[in-house]
Number of protein chains: 2
Amino acid sequence: MSLNETNSAIQDADFADDLNIGDIERPAERAYQGIRRAILKGILPSGAHLREEALAQMTGTSRTPVREALRRVVAEGLARADNRHRYVSDFSFKEVSIVFDIRIRLESFAARVAAENITDSELAELDHILAEIDRIENVGQPAATERFAELNSRFHNTIIKATRSMQMQTLSAQAVSLPLEVIKQFVWEQTVNIAQSNDQHRVIVTALKQRNPDWAENAMAGHILSTKPHRPSIMPRG
Amino acid sequence: MSLNETNSAIQDADFADDLNIGDIERPAERAYQGIRRAILKGILPSGAHLREEALAQMTGTSRTPVREALRRVVAEGLARADNRHRYVSDFSFKEVSIVFDIRIRLESFAARVAAENITDSELAELDHILAEIDRIENVGQPAATERFAELNSRFHNTIIKATRSMQMQTLSAQAVSLPLEVIKQFVWEQTVNIAQSNDQHRVIVTALKQRNPDWAENAMAGHILSTKPHRPSIMPRG
DNA sequence: CACACAATATTTGTATACAAAGTCATGTCG
DNA sequence: CGACATGACTTTGTATACAAATATTGTGTG
């Protein structure tokens with residue numbers, strides 16, 4: 001039953017506007033962004049069967065790029081693979097909460113390793129990001145939140161890259177992408193405090209500049225912990 | 001230069017024997033196993049350009065399943081994606097070492113969560129695996145090592161599944177697959193101690209049975225730590 | 001001889017046709 | 001009436017042809 005509903009929900013309407021993929025040229029990227037946004041916006045609800053042909057129509061591409069997109073979406077945890085089929089993951093409070101706990105362990109370790117390997121130019125890059133975040137105005141407006149999301153992503157990625165480990169980058173990318181998306185969508189709107197966040201960023205950078213692994217690890221753990229949602233009520237479907 | 005060598009290396013010879021994929025029917029699986037084994041056996045050396053057509057010939061399939069296999073191989077960390085191309089990862093001591101440090105944090109957290117969620121039937125399953133490992137004979141022979149690798153995998157996966165978190169399973173699968181392969185290939189042959197390992201397994205199961213998260217976490221961390229290679233000399237290419 | 005640039009070859013990206021596997025409904029027989 | 005075989009239908013898997021992008025080679029010119 002619910003599968004049919006999902007099917008028709010995709011096929012009956014034109015979601016190009018909702019998905020904002022009108023100007024994306026490359027089919028692979030179109031398909032990926034389209035599916036990702038459809039999941040995050042709830043157009044494709046938890047448990048929905050992700051049919052290749054229907055998604056190809058939805059995103060205006062063919063099945064080939066859709067299949068590649070589905071692999072990415074599954075790898076990121078937004079969908080799960082079961083036998084030959086794929087279904088939208090559930091983002092219950094419990095699941096999101098656990099991913100944050102994983103991030104705390106993963107990224108704080110990354111900060112530790114980064115403290116021993118980061119270059120001066122990377123530290124300068126971090127300083128630059130801090131300054132950019134300080135310059136954000138109209139706090140609370142969607143545009144400001146979007147801008148912060150982008151800079152915040154760059155901040156965390158710069159530190160992960162500073163570990164000089166390809167494996168660390170691969171694993172972190174997966175652990176970080178889901179919570180960052182979910183946060184942006186459901187949590188930040190209500191609770192993000194840019195100034196407070198940047199204070200914590202500054203502490204982390206100071207620890208990195210002093211090449212102090214213990215401090216860097218602790219500061220990063222505290223930072224992520226402070227962004228972890230702790231009330232089930234602010235979560236969407238769970 | 002080295003790219004050409006790689007190319008001809010793939011095309012000139014028939015590696016079907018070396019790769020042991022002769023009896024795998026499904027092309028997707030053939031391609032995946034073939035590429036994976038070629039990387040682990042060193043037929044495809046670190047940094048080698050993974051060309052789709054060449055790999056399709058090597059594995060006796062077409063480019064479509066090869067592309068899917070490449071995604072998996074990249075997701076597992078055996079290869080890295082760069083622009084539109086893919087290259088064999090390097091498994092330097094530093095990289096392998098860092099993945100073990102990540103596993104320590106990830107899996108010990110999994111054991112903590114599992115202690116609070118594991119079912120009686122899963123505990124029985126763990127007991128069964130312990131008994132099977134105890135039954136392994138001819139320790140030191142390849143067949144025994146292979147059998148232990150399989151049971152060890154099941155042991156760790158059972159605990160990860162006991163967390164009841166899909167996200168935990170997805171992330172762990174990626175963090176665990178690489179080191180387990182590398183261990184089997186390069187480390188265990190020389191250092192694995194099945195009896196000692198199973199002693200540690202038993203401690204973990206006891207902690208889980210008592211639903212003691214702290215103990216379970218600590219025991220798992222110690223177990224993985226004990227399997228982490230600590231001498232660069234036993235690693236292959238790094 | 002170095003360099004720019006065009007022609008060519010190689011490699012990946014995309015679409016599509018067809019095959020295989022699985023699902024579901026229908027109808028027949030015990 | 002129910003179990004089960006059967007066949008149509010749906011969905012994913014695979015191969016391949018073609019397009020686009022990128023790298024390489026060769027050639028001419030300053």
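Note that the coordinates shown come from a computational prediction; the quantities given were computed from them, not determined experimentally.
In this structure, the CG atom of A:Asn83 is 12 Å from the C1' atom of D:dT11, given to the nearest Å. Distance, B:Glu52 CD to C:dG13 C1': 8 Å, rounded to whole Å. Computed from coordinates, the A:Leu55 CG to D:dT11 P distance equals 11 Å when rounded to whole Å. A straight line from CZ of A:Arg51 to P of D:dT12 spans 7 Å, rounded to a whole angstrom. One can place CZ of A:Arg30 at 12 Å from P of C:dT14, the figure rounded to the nearest angstrom. Distance B:Arg67 CZ to D:dG13 P: 16 Å, rounded to the nearest Å. If you measure from atom CD of B:Glu53 to atom P of D:dT16, you get 10 Å, rounded to the nearest angstrom. Whole-Å rounding puts the B:Arg26 CZ to D:dA15 P distance at 12 Å.
Closest contact between the side chain of B:Arg63 and the listed nucleotides C:dT11, D:dT16, D:dT14 involves D:dT16.
Using a distance-only test at 3.5 Å, with no hydrogens or angles considered, no donor-acceptor pair links the side chain of B:Lys161 to the main chain of B:Glu122. Judged by distance alone, the side chain of A:Arg30 and the main-chain N or O of A:Thr59 form a donor-acceptor pair under 3.5 Å.
Judged by closest nucleotide on DNA chain C, A:Thr61 is the one of A:Thr61 and A:Arg84 placed further toward the 5' end.
For the OP1/OP2 pair of C:dA21 and a distance below 4.0 Å, the side-chain nitrogens and oxygens of A:His85 include no atom meeting the criterion. The side chain of A:Thr64 contributes no N or O atom lying less than 4.0 Å from OP1 or OP2 of C:dT14.
By the 30° and 60° cut-offs, the orientation of the rings of B:His49 relative to B:His85 is perpendicular.
Using a 4.0 Å heavy-atom criterion, one finds that A:Leu50 contacts the sugar-phosphate atoms exclusively.
A donor-acceptor pair shorter than 3.5 Å cannot be found between the side chains of A:Ser92 and A:Glu95.
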